[in-house]
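Only one structure is covered here, and it is reproduced in the block below.
We name chains A, B, ... by the order of the sequence lines, and we start the count at 1 in each one.
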Amino acid sequence: MLVEQIALEFGMRERKIRVLIAKPGLDGHDRGAKVVARALRDAGMEVIYTGLRQTPEMIAEAALQEDVDAVGLSILSGAHLALAPRVVALLRAQGQERVSVFVGGIIPNEDIPLLLQAGVKAVYGPGVSTSKIAEEIRQYVAAVSDEIVR
Amino acid sequence: MRLVEAVLNGDRLALARLLTQVEQGTPAGLKALDMLFQHTGKAYLIGVTGSPGSGKSSLVNRLVYALRHPIGDASPKRVAVIAVDPSSPFSGGALLGDRVRMRDLAGDAGVFIRSMASRGNLGGLARATVSSAQVLDAAGFEVILIETVGAGQAEVDIARLADTILVVGTPGMGDEIQAIKAGILEIADILVINKADQPGVEEAEQFLRMMVETALTQKDTDDEGKRWSPPIVRTIALRGEGVQNLLDVIQQHAAHLENSGQSQERVRHRLEYDLINRVQERLLARWWGEVAEAAFREMLERIYRREISPCQAAEQLVEVTNQL
């Protein structure tokens, strides 16, 4: 309803979830990243899309400037074990302890525990529904906001 | 307040977090704005507007790069960018993609880029854009570029915020030039024809020149010294061509504002506009806090049944709160 929207805008503004979607590494397949970006937008989130061939340093810096709640990495090149833990480490080094990192793309099953150990919150392979991704991001962000009072 | 001190000391994470607080309008964010206000008023604000797909983000990328790598002995400026993109009216979400074009700026500690969703605000900016620019100003950024949502005719809020306004168009699309003709051409301090290697650039420039000479006469004043006819500048942002020239023209405009006393005028207008907006916001919030929702709904029904006109209804709803 219109009037609720206005009330929200003028009174207590809604806390929007902000998500950075990035493609680290050298593969040029950004279809999956774009599908997820659009789905998260349609789930009411503000999605910052950074495009292809980002270094972990660029991703961490963009995540800092944009003060995002979550970072989604789309990796199809097989370099996930090098790239994802590096992004997590850089984020933590910058003091962004609260940012959830999730990974999408082609990730062999045996690598998933390694990524989770390195601090990745979740890994989404082909066929995962986008609504599941949105729902889980919402849960991570809610859990963190409860933990740390802003 | 620790966050404010950290921002003044150049802490980028604190700056990012404060911008979020300000955008959400939290009590902490508003308090911080109050504390930071005395440190504002130093930055030069450049607005970049124009139709969607005209290359605004690529142009901003190049302009910032040029400011960071000046020719000669000039020292590089600290530059911030606020890039506004529209929110979806249906989901309230947004896809903010301006950073894709700004990758040349990655890794430069003298640059800070922040994407903002318009969050339902019309006019080409987000409601919190003014406040965010104030925070970046206080944080010591010397130049702030504000890229509006892809704008047509009505998205002219930037006119009340920036010192120099670039209106960006492209050649070869007569309709597009048409689309930017009215309100938005009138706010231009500099007209940029980007993608100037495309066919139709001569026609586009001719058309713009004609618009400048006719439609913009209202902007003229009797005061010779204040008169400024918007120059038309060609650029090819993807290759960086014409960007240094554009920077020079921006500097000429800045000097013109300074010499003619109009920079003070613009600052006054900006503050006036900001004040009016904040009063509106407060009045509406107070009214909403006091009016009973049931009364509001009842009034809406009466309007729907054509028992009362919207004008009368509004009058009565406001009177109710006045009596409280």
Nearest heavy-atom approach of A:E61 to A:Q94 is N-NE2, 3.9 Å
Honestly, the part of A:E57 sitting under 4.5 Å from a heavy atom of chain B is neither
Q. Checking side-chain contact (heavy atoms from CB on, under 4.5 Å) for the pair B:L145/B:I82: CA distance, chi angles, key distance, verdict?
A. CA-CA 6 Å; B:L145 284 101; B:I82 301 176; over 6 Å; no
* Identify whether the distance between the nearest side-chain nitrogen and carboxylate oxygen of A:R92 and A:E97 falls below 4.0 Å. => no
Just wondering, do B:L15 and B:L13 contact through their side chains at under 4.5 Å, heavy atoms? no
- Message: side-chain contact (heavy atoms from CB on, under 4.5 Å), that's the test. Do A:F102 and A:E136 meet it? Break it down for me.
- Response: CA-CA 10 Å; A:F102 60 100; A:E136 292 195 1; over 6 Å; no
Stepwise side-chain contact (heavy atoms from CB on, under 4.5 Å) check, A:I21 with A:V19: CA-CA 6 Å; A:I21 297 288; A:V19 183; 4.1 Å; yes
Against chain A, residues from residues 129-141 of chain B with at least one heavy atom under 4.5 Å, in numeric order, are none
A:A60 and A:L90 have their tightest heavy-atom pair at CB-CB, 3.7 Å
Residues of residues 106-118 of chain A with a heavy atom under 4.5 Å from any heavy atom of chain B, in residue-number order, are none
* Asked: Any side-chain heavy atom of B:D11 sitting closer than 4.5 Å to one from B:N9?
  -> no
Filtered by a 4.5 Å non-hydrogen cutoff, the part of residues 106-115 of chain B contacting chain A is B:A106, B:V111, B:F112, B:I113, B:R114, B:S115
Among residues 37-56 of chain A, residues within the sub-4.5 Å heavy-atom range of chain B, in order of number, are A:A37, A:R41, A:D42, A:G44, A:M45, A:E46, A:V47, A:I48, A:Y49, A:T50, A:G51, A:L52, A:R53, A:Q54
B:E301/B:R297 salt bridge by N-O under 4.0 Å criterion: no
B:A83 and B:M102 have their tightest heavy-atom pair at CB-CE, 4.5 Å
In terms of heavy-atom contacts, B:A237 and B:N194 come closest through N-OD1, 3.0 Å
Looking only at B:S91, B:G97, B:G92, B:A117, most heavy-atom pairs under 4.5 Å shared with chain A are made by B:S91
May I ask you to test the B:I308-B:Q316 pair for a side-chain heavy-atom distance under 4.5 Å?
yes
Checking B:E147, B:R101, B:R99 against B:S57 for side chain to side chain donor-acceptor pair (under 3.5 Å), the one that qualifies is B:E147
B:R305, CZ: over 12 other non-hydrogen atoms inside 6.0 angstrom:
yes
Here the pair of heavy atoms bringing A:V103 nearest to A:A84 is CG2-CB, 3.9 Å
*asked:* Check this for me: A:L81, atom CG, are more than 12 non-hydrogen atoms of other residues, nucleotides or ligands nearer than 6.0 Å?
replied: yes
Close side-chain approach of A:D67 to B:L19, heavy-atom, < 4.5 Å: no
